[in-house]
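In what follows, a structure is listed as structure tokens, so that the remarks can point back to it.
Letters go in sequence order (proteins before strands), and every chain restarts at 1. Worth knowing before you read on, the calculation uses all heavy atoms, side chains too, and leaves out hydrogens, waters and symmetry mates.
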Amino acid sequence: MLTSFHSRPGRRRFLAGAAAATATVLAPAPFVLARPAPIRIGVLLPYSGTYAMLGTAITDGMKLSLAQAGETLAGRPVEYIIVDSEASPQQAPQNTRKLVVRDRVDVLVGPVHSGVALAMAQIVGARGAPLMIIPNAGADALTRELCAPNVFRSSFSNWQTGYPCGKVMADDGHRSIVTITWRYAAGDEIMGAGAEHFEALGGRVIKHIRVPFPDVSFQAHLSEIASLAPDAVFAFFSGGGAVQFVRDYAAAGLKARIPLYGPGFLTEGVAGAQGEAADGIRSTMHYVDDLDIPVNRRFRDAYRDAYGREADVFAVQGYDTGTLIARSATAVDGDTSAVGDMAAALEGIRLEGSPRGAWQMSPAHNPTQTFYLRDVVDGRHRVLGVAAEALADPATGCTLA
Amino acid sequence: MTAAQPLLAAVDVHAGYGQHPVLHGVDLAVAAGESVALLGRNGMGKTTTIRALIGLTPISGGSVQLDGQPVTGLPAHRIARLGVGLVPEGRGIFPNLTVAEHLAVAARSSGGRGPAWDRTAVLALFPRLAERLDHLGTQLSGGEQQMLAIGRALMTGPRLLILDEATEGLAPRVRAEIWSVLARIRGEGVAILIVDRDLPQLLHLCDRAAIVVKGRIAFQGTAAALAADRAMQQRWLGV
Amino acid sequence: MDLAGFLVQLLNGVQAGFLLFLVASGLTLVFGIIGVINLAHGAFYMIGAYLAFWLTGLTGSLLAAVVVGVAVLVVLGIAVERLAIGFLYNRDHLQQVLLTFGLILVLDDLQRLIWGSDFHSVPVPAVLSGAVALTQQQDYPVYRLFVSAVCIAVALGLFVLIQRTRVGMAIRAAASNREMAEALGIDVGRLFTLVFALGVALAGFAGMVAAPISAVYPGMGDRILILAFVIVVIGGIGSVKGAFAGAMLVGIADTFGRVLVPEVASMVMYGVMAVVLLWRPQGLFGRPA
Amino acid sequence: MIALGSRARAVLAACAALSVLTAFPWIGGEFYVDLVVRLMILAIFAMSLDLLIGYTGLVSFGHAAFFGIAGYTLASLTPAAAPANLVVVLPAALVASALAATVIGYLSLRTAGVGFIMITLAFAQMLYYVANESRAFGGSDGVLILFRPELTLQGRPLLDLEDPTVFYYLVLACLAGVLLLLRSLVRAPFGRVIRAIRIDDRRTRALGFATGRYKLASFVIAGTLAGLAGFLEAAHGGYVSPGALSWHQSGLVMAVVILGGMGTLYGPILGAFAFGLLQDQVQDWTEHTGLVVGLFVIAMVLLAPRGLAGLLSGVLSGALSGAPKTRERPAAPRGPR
């Protein structure tokens, strides 16, 4: 885990960069190698708390991408100014201002948590600068009601991750399901999308079980599910909650009786911790580790070489974020003050080199991308097919389109 | 004054609470097997003297020796284990322990230094406690609590028993019983340092007496001498 | 809810209660005996879970991990008491609250330094990994039943230790009147160190036993801390018996709250606590102050 | 003589601090002005808790409840497309906090000591879960407040709080106002009674004071002022989340009060600035903020039991020889009696 912090710059590095820039101005011109001011990338991601692992993977993916671009963008060196968001929405406005106002970053990357994202997007959207790229947070509103010209997302909307799963369950012949998730916005958005789709295809939702967020005692709900005896269970939890839910589900003997479905996050990044209990769980996701395309294999090798760990979907989102930054900075030839032009360069952009397979930026600034159907075998995800091709978020309420 | 090497010897002891000094140089000695009455009006420093001697109140100056060994600054439990038993003001009964547990928790081998008291011996001394073995501390009468406090102190196998107001608030009959028990304990060779209001009984029990006045020992001498000196009693004890 | 469903949920509640008791007992001991409000109790629970994860990985056996882990925690507890808590017995409770609040921050960060931020899990030992059939649709994991048995054993052990042994008497004596206990030759300082270490070990032990049925992750101690406080207060501060009753009450109320009133489920136990306190401010088994 | 000297030095220090704060928007730069606003809000929050902990002897572990309620009140009264009117939302937020404090205080004050600590925690946690799980309040993601309230009189804008400088002076004025209010309060007869309650509730009651009413009054005043802080924080950040009601928030402000020095009004202010600045600085040079801040807190408890205020009064009175004396208080009763 610590490897990711070796190049953590903080303020000292920032000051060093500033000093170098000053020296460039003051020193007699002919004797100085022109060293342009660095492009400052403000990163607001969690490095502690529940989402620390995600923040680290995103950062590493992004750094890998920009390192492959040669550590310079249109001739300007890249400098990271990293702030730990602790995934705490309360600190979000303050941290955002720190990066945007004090450090005057050229690009803002973050966050993981939807609540943090809503606060950040509001501030950055209202200021019209800088360019902001959301590498994870899936809150639907970010690319719907709250969409803004300078705010982009390189990950997914919650709606996208749940919607395809409804069809998968119907296609597998299930007529009735129980949904279970935490009682919070992401849970409602993901489960809502999947359940609606399932009902539209003729299925019936027996019950929506909502667990207090971020509680992880599921035993009572599992007993309830056993009594309700649905055809299938549609579940969304992430992180520690996902680990425990999947293990408890198997330990209660439900796995053998009632198949478990969910958005990819139910097993993504935690399948190892879930062990055998995860085997056979079907999920839909915009990325699969074993996706057999050349870009993905190259990406995974490079990531492993650089960090000694396996890449995951968060690393991919970080990687694509890096690509978006590079494309936008190159488009304005390093003149990051032209935020509008940077944003324009990302409008409708198609990322052929994404490890998840090519995807396109929608008019509402959300990836239009393929969702794969996968299951887990021996702790690894296996591609079973495509659940939804080029799936776009409905972007209801976004005025950009 | 008495034996060549007293059991307990306090020299020029200073002590107090926070920034309020109470003792300004107490000198006191108790010989093995001897009983000494510690007298003085309220607020003169009797209880503080006792607390300082057994390590409950930190000593800011002077020294205390037990058997010639310096014990100044030792924690209370170390001093207790050297053979000093305490029957404190207010009795210090544990509300959540039964009578039997009080005796058990205090019991320790005295290392052959003091007379060995065991449960049987203590219960023989206070037959009433034997009937109350399973009662909690809170369920005892005042007299029973006092007996338990004394019995408990004896279980530690003390060579020196210190009693602070051991008969206060008790019915006359119970008091009489306590005094007679103290006499028996004295008879076993246990040294006694005692604070009480009952001067005649004290003078009857004790070999010697010391009077504390404003944090110093104003008088130290035989009980008989104090008994004879009405003027001194009047002056320092107000009797 | 039919009868079978009711009984299954009751079992769930009781089982949850047992585990909660394990956590709360250490807190109530430390709270009741040495008068320290240990906010870091949950952090020690988390450290225990991480030790279980780490040591199980090293030794391949949860039992070995628990044995070594408890030893580590006892040492940790002694160190914390000697270096910090021990200086605060005569001070305001608030100072202890603040100190242990600082301790949470330190322990959380140490955990991250040592084990990183990944989620981990501890496999259920093979012997205990099965399930027993309760009804036609319901199985019950053997390990959860085993955890209940362990908790009962610990409860009995604590009862014997406190009520029946000489050390237990000394602990009770020192808790009610420290100076008097000292004057009887009891080394109260060492006893308090022991009690604190015991509390830490109990918290960590709970974390270790819970590790196979809960994920091991950063910050897992937070929620458990508040729960343990609720239980201790419901039961009466310092009363192990009360902690048991409180844990059962909370476990059962929480379980049925989730199923019957899911909209307000997380408030149920706080409601129970408020009602109990308003009815008996000293808690179910506490003595009036 | 010495007392007078230290008094004069204290007044001097206060004036210096006030003038620095007044001039700060011109010297601080946008970011630090923003930071100081946050610190001043934390200071108001901490002072309000100090009235309870330091003066009345009521240790509330649920003070964040009132802080959060005011924030949520602002959020729910702010229209989607326009700023709310300060004249309406500020009183509304304060009233909401005061009402909550009245109800919670009335019920909680039936307990005492550790029971009080816990029942206040319980109420705050209940509110936390209401916010955390209700869709109307944005659940765990919280609610955005898209516009800071503005002060308009008959349609004419008087104060534009979107202007950072204006907002800064509003917060500074609130800080000064709260300080003066609490100062006169604790010096008034009311203050003497609550301090007597802190030392000995029973004896104060025996003297004929209805201590229950005084405690409730103190609780409501503290809750209302916490509401002021919560209102300002929500307006400042444009965002309110269940975190504002959480026990972490209650713990943090308690740490600030104790760290700063209980029972002094300037202590909590010192604590807020020290704690906030430390956290901000540490964040810049290590990701292990908790380790550094935690060790600092532990060291402060062990070495400076009277908090920063105690240290500072040591400096001001020139009595630097030896650590400040611990205020001796009888050990709290422990265990069943």
* For C:Pro281 against D:Thr111, the heavy-atom pair lying closest together -> CB-CG2, 4.0 Å
* Steps toward ring pair (Phe, Tyr, Trp, His ring centres under 6.0 Å) verdict (D:Tyr129, C:Tyr270) -> CA-CA 10 Å; D:Tyr129 285 112; C:Tyr270 297 99; 5.8 Å; yes
* Enumerate the residue pairs fulfilling side-chain hydrogen bond (donor to acceptor under 3.5 Å, both in side chains) with a member in residues 99-111 of chain C, sequence neighbours excluded, ordered by first and then second residue. => C:Tyr50-C:Gln111, C:Asp109-C:Arg112, C:Asp109-D:His288
* So which of D:Gly307, D:Gly251, D:Ser134 has the biggest tally of heavy-atom pairs under 4.5 Å with chain C? -> D:Gly251
* Which heavy atom in D:Ile298 sits nearest to a heavy atom in C:Val106, and how many Å separate them? -> CD1-CG2, 4.2 Å
* **Any donor-acceptor pair under 3.5 Å from D:Gln125 side chain to C:Met267 backbone** => no
* Quick one: of C:Leu94, C:Val97, C:Val233, C:Leu103, who has the most non-hydrogen atom pairs under 4.5 Å with chain D? -> C:Leu94
* D:Leu291 and its side chain to side chain contact (heavy atoms under 4.5 Å, CB included) partner, picked from C:Leu110, C:Leu107, C:Leu105 -> C:Leu110
* In terms of heavy-atom pairs under 4.5 Å, which option from D:Met300, D:His248, D:Met126 contacts chain C the most? -> D:Met126
* Any side-chain heavy atom of D:Val297 sitting closer than 4.5 Å to one from C:Leu99? -> no
* In terms of heavy-atom proximity below 4.5 Å to chain C, should D:Val130 be classed as side chain, backbone, both, or neither? -> both
* Side chains of C:Asp222 and D:Trp247: does their closest heavy-atom pair fall under 4.5 Å? -> yes
